Student: 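I am attaching a structure below and will ask some questions about it afterwards.
Keep in mind the model is a prediction, meaning the values are calculated, not measured.
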Amino acid sequence: MRLFFVFWLAFGLLCSSESSAQRAASLAITNVNVVPMTTNTVLTKQTVLIENGQIRAIGSTGKVRVPAGTVVVDGANKYLLPGLIDMHAHLPGEEGTRHPLNDYFRLNLANGVTGLRSMRGDSTHLRWRDSLRRTQALAPHLYLGSPVLTRDKAYSSRKGEQLLRRYKASGYDFAKYLGGMTPPQYDSLLLAARALGLPVAGHAPRSGLRGAVAARMSSIEHIEAFIEAYQQDSVQLKQLARQMAADHLFNCPDFYWYQITWLQYSPERLQSLPGLAYLAPAVRTEWTSWLEARTKQLSPASGPNPVAGQLTAYFRAYRRAFRILHEAGVQFLVSPGDGPFVVPGFSMAEELGLLTELGLSPYEAMRAATTNAATWLGEQRQRGTIETGKAADLVLLEANPLTNVANVRRVSGVVLDGRWVPVSKLLPPRR
């Protein structure tokens, strides 16, 4: 509780001191290359006019009238695209990261992340979200998962329905399933959630990918269920993938997290990741200790570790499973996950790069981080593409992400609720 109080105090200071930064009735980004994400194209030399937090006009520069008093940002040789949404975030606190809350929000925004889907909710998060909306502070939009649903000896279908009703009434956006329930319990939970109109995201159940698809879990997290399904029967996985695509079920693999946790990167690479210099020293120290312990565990001095070979086989299986999902038309969501050496905001570029290595085109990867996310959240009419009438949550890049997704690192600034915020105003001091 003391840790949460410190977070909340700092958060209150952020809200009171910066909620009105760069606010104006209208904003225009001129001479900019627009990446609308409606198609795999770039609209060159455009002016995007924003009023009261919404996109009011898009057109060739010189043909869009810019009202007097409008804040004007010169977007020449830059690229404007929808804000990114991290779809498997863990907010700071006992169940998530150890980052100071202000730093966590700022680092995400500085990397173009204007939305966070939180995967382990509690009532504190509801208060944070309410405060963000009320004060319009500089922080990503929060989409909150419920407290995790998991094995409970006293669980019953009636109790599960009561929990779901309570979570929906409290304002959680979706239910988070962690695991442990029997297949009948899981099935009853999903059935009750569907009747309430409450999406469910989380781990696959004991019945594996087949059970998750049959119950229509709308967002299946991580990679284990797909590895297991591929290793058991790749032909059946193709059938399940086609059903996932038909039922609009998504996969959020968090592949970067596995690359780190299963030591696919050298210690030297991890210790030189972009963004590390902005983290609190205590966090970096904790991560270094974790890396040393993990390296000893998976790479003992006594000789080869059979677990390392098994992990390599798992990665090979998921790459093949991913290809099957992609070819079947399954839609993906993007998040680097949470944990050691997952740098808030900065690691989104790592995940996007891995997704292209797995087989997505740069456009498909960027679409997963924008349009797919908005669709899963039920906000496809409000965000996810750059179109007239949509919310002005945007990111301005120095280079084209459709030619190389690594260009998402080159952030000039973000538009949040219609406010222009240059990246220099977002990054905390280096430490």
Student: What residues, two or more places apart in sequence or in another chain, satisfy salt bridge (charged side-chain N to carboxylate O under 4.0 Å, His left out) together with Lys168?
Tutor: none
Student: Any side-chain hydrogen bond (donor to acceptor under 3.5 Å, both in side chains) pairs touching residues 322-331, not counting sequence neighbours?
Tutor: His326-Glu364, Gln331-Asn372
Student: Does Arg206 reach the main-chain N or O of Gly180 with its side chain, forming a donor-acceptor pair under 3.5 Å?
Tutor: yes
Student: Please answer whether the main-chain N or O of Arg127 pairs with a side-chain N or O of Ser131 as donor and acceptor at a distance below 3.5 Å.
Tutor: no
Student: Has Arg381 got more than 12 heavy atoms of other residues, nucleotides or ligands less than 6.0 Å from its CZ?
Tutor: no
Student: Just by distance, with hydrogens left out, do Arg294 and Gln297 show a side-chain donor and acceptor under 3.5 Å apart?
Tutor: yes
Student: Checking Tyr104 side chain against Arg98 main chain: does a donor-acceptor pair fall under 3.5 Å?
Tutor: no
Student: With under 30° as parallel and over 60° as perpendicular, where do the rings of Trp262 and Tyr258 fit, or are they tilted in between?
Tutor: perpendicular
Student: Does either side chain, that of Arg129 or that of Ser118, offer a donor lying less than 3.5 Å from an acceptor on the other one?
Tutor: no
Student: Keeping to residues at least two apart or across chains, list the side-chain hydrogen bond (donor to acceptor under 3.5 Å, both in side chains) pairs with something in residues 342-351.
Tutor: Arg269-Glu350, Glu350-Arg409
Student: Between Ser335 (side chain only) and Asp254 (backbone N and O only), is there a donor and an acceptor less than 3.5 Å apart?
Tutor: no
Student: Output, in order, the C-alpha distance, side-chain angles, deciding distance and verdict of ring-ring contact (aromatic ring centres under 6.0 Å, His included) for Phe332 and Phe322.
Tutor: CA-CA 10 Å; Phe332 298 95; Phe322 187 96; 4.3 Å; yes
Student: Check Asp247 with Arg216, please: is the shortest side-chain N to carboxylate O separation under 4.0 Å?
Tutor: no
Student: Is it true that Arg431 and Asp103 make a salt bridge, defined as a side-chain N closer than 4.0 Å to a carboxylate O?
Tutor: yes
Student: So, Trp257 side chain and His222 main chain: donor-acceptor pair closer than 3.5 Å or not?
Tutor: no
Student: If the condition is side-chain hydrogen bond (donor to acceptor under 3.5 Å, both in side chains), which residues does Lys78 pass it with, not counting sequence neighbours?
Tutor: Ser412
Student: Does Tyr278 have Arg106 sitting over its ring (NZ/CZ under 6.0 Å from centre, angle to axis within 45°)?
Tutor: no
Student: At their closest point, which heavy atom of Leu291 faces which heavy atom of Leu263, and how far apart are they?
Tutor: CD1-CD2, 3.9 Å
Student: Just to verify, what does Arg165 make a salt bridge (charged side-chain N to carboxylate O under 4.0 Å, His left out) with, not counting sequence neighbours?
Tutor: Glu161
Student: Going by atom type alone, with no hydrogens or angles, which donor-acceptor pairs under 3.5 Å involve a side-chain atom of residues 309-321 and a protein atom two or more places apart or on another chain?
Tutor:
residue : atom : partner : partner atom : Å
Gln310  : NE2  : Tyr314  : OH           : 3.2
Thr312  : OG1  : Ala308  : O            : 3.1
Tyr318  : OH   : Asn251  : OD1          : 3.0

Student: Between Thr385 (side chain only) and Met37 (backbone N and O only), is there a donor and an acceptor less than 3.5 Å apart?
Tutor: no
